[in-house]
**Q** 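Next up is a structure, given as structure tokens.
The shown structure was predicted, so the numbers you read here are calculated from the model rather than taken from an experiment.
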Amino acid sequence: MAQTRVRLWNVDEYHRMLETGIITAYERVELIEGQVIPMSAKNPLHAATTLCASDYLKHLLAEVALVRVQDPIQLSQYSEPEPDIAVVQIDARKYINHHPAPNEIFLLIEVADTTLETDSKQKAPLYAKAVLTTGF
């Protein structure tokens with residue numbers, strides 16, 4: 001039996017897929033360890049929890065950190081997840097040149113109402129690996 005090789009995508013290739021329309025702006029996907037992974041739909045509980053938590057953090061951390069909601073972060077050449085909340089360093093240009101990297105991230109939050117297994121088995125190790133690799 002022939003063994004199938006998996007082709008992993010890097011962040012630049014992922015961005016080119018978005019720019020050329022291979023992946024549309026309406027598709028909810030993220031790049032996780034070289035694979036383009038569909039994201040779960042947001043139910044009302046998830047949306048409300050994310051909104052309340054981000055509003056609280058924005059109020060608490062005003063002028064100390066930037067609170068990003070469901071926006072990409074770049075953890076490596078092969079991973080650009082979109083955590084529900086990312087507390088990152090303030091950037092005067094609001095990250096128009098790049099997504100926050102591990103050394104710019106203070107806190108990541110995933111609201112796991114229906115995605116606990118995926119978040120704990122896939123994203124948590126990814127986030128931990130970024131900490132070990134770069135020390136964010």
Side-chain angles (χ1 to χ4, degrees):
M1 181 158 87
Q3 187 174 14
T4 304
R5 290 184 49 198
V6 175
R7 166 64 157 87
L8 301 179
W9 305 100
N10 67 38
V11 169
D12 291 335
E13 293 166 330
Y14 177 63
H15 288 183
R16 281 197 299 275
M17 285 189 275
L18 292 163
E19 291 165 5
T20 60
I22 294 170
I23 300 171
T24 69
Y26 302 105
E27 292 180 78
R28 290 188 31 83
V29 296
E30 57 191 343
L31 185 66
I32 305 291
E33 296 186 304
Q35 298 182 45
V36 179
I37 306 290
M39 294 170 55
S40 298
K42 296 179 271 185
N43 64 37
L45 177 61
H46 184 279
T49 303
T50 302
L51 178 63
C52 290
S54 65
D55 283 352
Y56 177 75
L57 289 169
K58 285 177 185 178
H59 175 73
L60 185 69
L61 300 172
E63 299 183 33
V64 174
L66 182 63
V67 178
R68 293 168 50 102
V69 180
Q70 297 169 335
D71 288 330
I73 57 172
Q74 185 175 343
L75 297 182
S76 72
Q77 180 182 357
Y78 295 99
S79 291
E80 193 174 272
E82 297 185 20
D84 292 312
I85 299 171
V87 178
V88 301
Q89 288 180 357
I90 293 175
D91 182 302
R93 301 193 68 203
K94 304 290 187 217
Y95 293 97
I96 64 169
N97 300 9
H98 70 287
H99 296 306
N103 64 333
E104 300 168 303
I105 299 168
F106 299 125
L107 174 69
L108 297 174
I109 298 172
E110 291 290 350
V111 176
D113 58 331
T114 61
T115 59
L116 181 59
E117 185 173 343
T118 302
D119 288 346
S120 61
K121 290 185 178 176
Q122 191 175 57
K123 286 191 171 181
L126 182 68
Y127 297 157
K129 182 178 175 184
V131 170
L132 293 174
T133 304
T134 60
F136 86 85

**Q** Using the salt bridge (Lys or Arg N to Asp or Glu O under 4.0 Å) criterion, which residues pair with Lys42? Sequence neighbours excluded.
**A** none
**Q** With Tyr78, which residues qualify under ring pair (Phe, Tyr, Trp, His ring centres under 6.0 Å), at least two apart?
**A** none
**Q** Run the numbers on Asp113 and Thr49 for side chain to side chain contact (heavy atoms under 4.5 Å, CB included), then give the verdict.
**A** CA-CA 9 Å; Asp113 58 331; Thr49 303; over 6 Å; no
**Q** Could I get the full list of side chain to side chain contact (heavy atoms under 4.5 Å, CB included) partners for Glu19, not counting sequence neighbours?
**A** His15, Arg16
**Q** Quick check: closest heavy atoms across Pro81 and Ser79, and the distance to 0.1 Å?
**A**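 Smallest heavy-atom distance, with atoms named: CD-C, 3.5 Å.
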**Q** Among residues at least two apart in sequence or on other chains, which ones pass side-chain hydrogen bond (donor to acceptor under 3.5 Å, both in side chains) with Asp91?
**A** none
**Q** Rounded to the nearest 0.5 Å, how far apart are CG of Asp119 and OG1 of Thr114?
**A** 8.5 Å
**Q** Keeping the roles fixed (side chain from Ser54, backbone from Leu51), state whether a donor-acceptor pair exists under 3.5 Å.
**A** yes
**Q** Identify whether Ile37 and Leu75 are in the same connected component of the hydrophobic contact network (ILVMFWY, side-chain heavy atoms under 4.5 Å).
**A**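 Yes, because Ile37 and Leu75 connect within a single hydrophobic cluster, where side-chain heavy atoms sit under 4.5 Å apart.
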**Q** Is it true that Phe106 and Ile109 fall in one hydrophobic cluster, defined by side-chain heavy atoms closer than 4.5 Å?
**A** yes
**Q** Could you list the cluster mates of Met39? Members are the ILVMFWY residues connected by side-chain heavy atoms closer than 4.5 Å, either directly or through other members.
**A** none
**Q** Should Leu116 and Val111 be regarded as members of a common hydrophobic cluster, given that ILVMFWY residues are connected when their side-chain heavy atoms come within less than 4.5 Å of each other, either directly or indirectly?
**A**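 Different clusters.
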**Q** List, by chain and then residue number, the residues other than Leu45 in its hydrophobic cluster (Ile/Leu/Val/Met/Phe/Trp/Tyr, side-chain heavy atoms under 4.5 Å); write none if there are no others.
**A** none
**Q** Could you measure the distance from the CD atom of Glu13 to the CZ atom of Arg7? Nearest 0.5 Å is fine.
**A**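 Nearest 0.5 Å value for the CD-CZ distance: 4.0 Å.
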**Q** How does the hydrophobic cluster around Val11 look, that is, which other residues are in it when side-chain heavy atoms under 4.5 Å mark a link?
**A**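 When side chains under 4.5 Å apart are linked, the cluster holding Val11 also contains Trp9, Tyr14, Met17, Leu18, Ile22, Ile23, Val29, Leu31, Val36.
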**Q** Which one of Leu8, Asp12, Asn10 satisfies the side chain to side chain contact (heavy atoms under 4.5 Å, CB included) criterion with Gln77?
**A**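 With Gln77 as partner, Leu8, Asp12, Asn10 yield a single side chain to side chain contact (heavy atoms under 4.5 Å, CB included), made by Asn10.
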**Q** When rounded to the nearest 0.5 angstrom, what is the spacing between OG in Ser120 and CD in Glu110?
**A**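 Result: 10.5 Å between the selected atoms.
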**Q** Assess whether side chain to side chain contact (heavy atoms under 4.5 Å, CB included) is satisfied between Gln35 and Gln122, documenting all intermediate values.
**A** CA-CA 12 Å; Gln35 298 182 45; Gln122 191 175 57; over 6 Å; no
**Q** Supply the atom-to-atom distance Lys94 NZ to Arg68 CZ, rounded to the nearest 0.5 angstrom.
**A**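 Rounded to the nearest 0.5 Å, the NZ-CZ separation comes out at 10.5 Å.
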**Q** With sequence neighbours left out, write down each residue that passes side-chain hydrogen bond (donor to acceptor under 3.5 Å, both in side chains) with His46, or none if nothing qualifies.
**A** Asp84
**Q** Not counting sequence neighbours, which residues clear salt bridge (Lys or Arg N to Asp or Glu O under 4.0 Å) with Lys121? List them please.
**A**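 So Lys121 forms a salt bridge (Lys or Arg N to Asp or Glu O under 4.0 Å) with Glu117.
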**Q** Glu27 side chain to Thr24 main-chain N or O, any donor-acceptor pair under 3.5 Å?
**A**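 The answer is yes, because a donor-acceptor pair under 3.5 Å joins these two groups.
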**Q** Taking side-chain hydrogen bond (donor to acceptor under 3.5 Å, both in side chains) as the definition, give me every residue that meets it alongside Gln74, ordered by chain and number, with sequence neighbours left out.
**A** none
**Q** For Asp71, what residues pass the side-chain hydrogen bond (donor to acceptor under 3.5 Å, both in side chains) criterion, not counting sequence neighbours?
**A** none
**Q** When you measure from the side chain of Thr115 to the backbone of Thr118, do you find a donor-acceptor pair of N or O atoms at a distance under 3.5 Å?
**A**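 No; zero donor-acceptor contacts below 3.5 Å.
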**Q** For Arg93, what residues pass the salt bridge (Lys or Arg N to Asp or Glu O under 4.0 Å) criterion, not counting sequence neighbours?
**A**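 Expected list: none.
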**Q** Please answer whether the main-chain N or O of Ser40 pairs with a side-chain N or O of Arg28 as donor and acceptor at a distance below 3.5 Å.
**A**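 Yes; at least one donor-acceptor contact below 3.5 Å.
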**Q** Same hydrophobic cluster for Tyr95 and Ile73, using side-chain heavy-atom links shorter than 4.5 Å among ILVMFWY?
**A** yes
**Q** Report the distance from atom CG of Leu57 to atom CG of Leu66, rounding to the nearest 0.5 Å.
**A**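 It comes to 11.5 Å.
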**Q** I need the minimum non-hydrogen distance between Glu80 and Pro72, along with the two atoms involved.
**A**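 Smallest heavy-atom distance, with atoms named: CG-CB, 3.9 Å.
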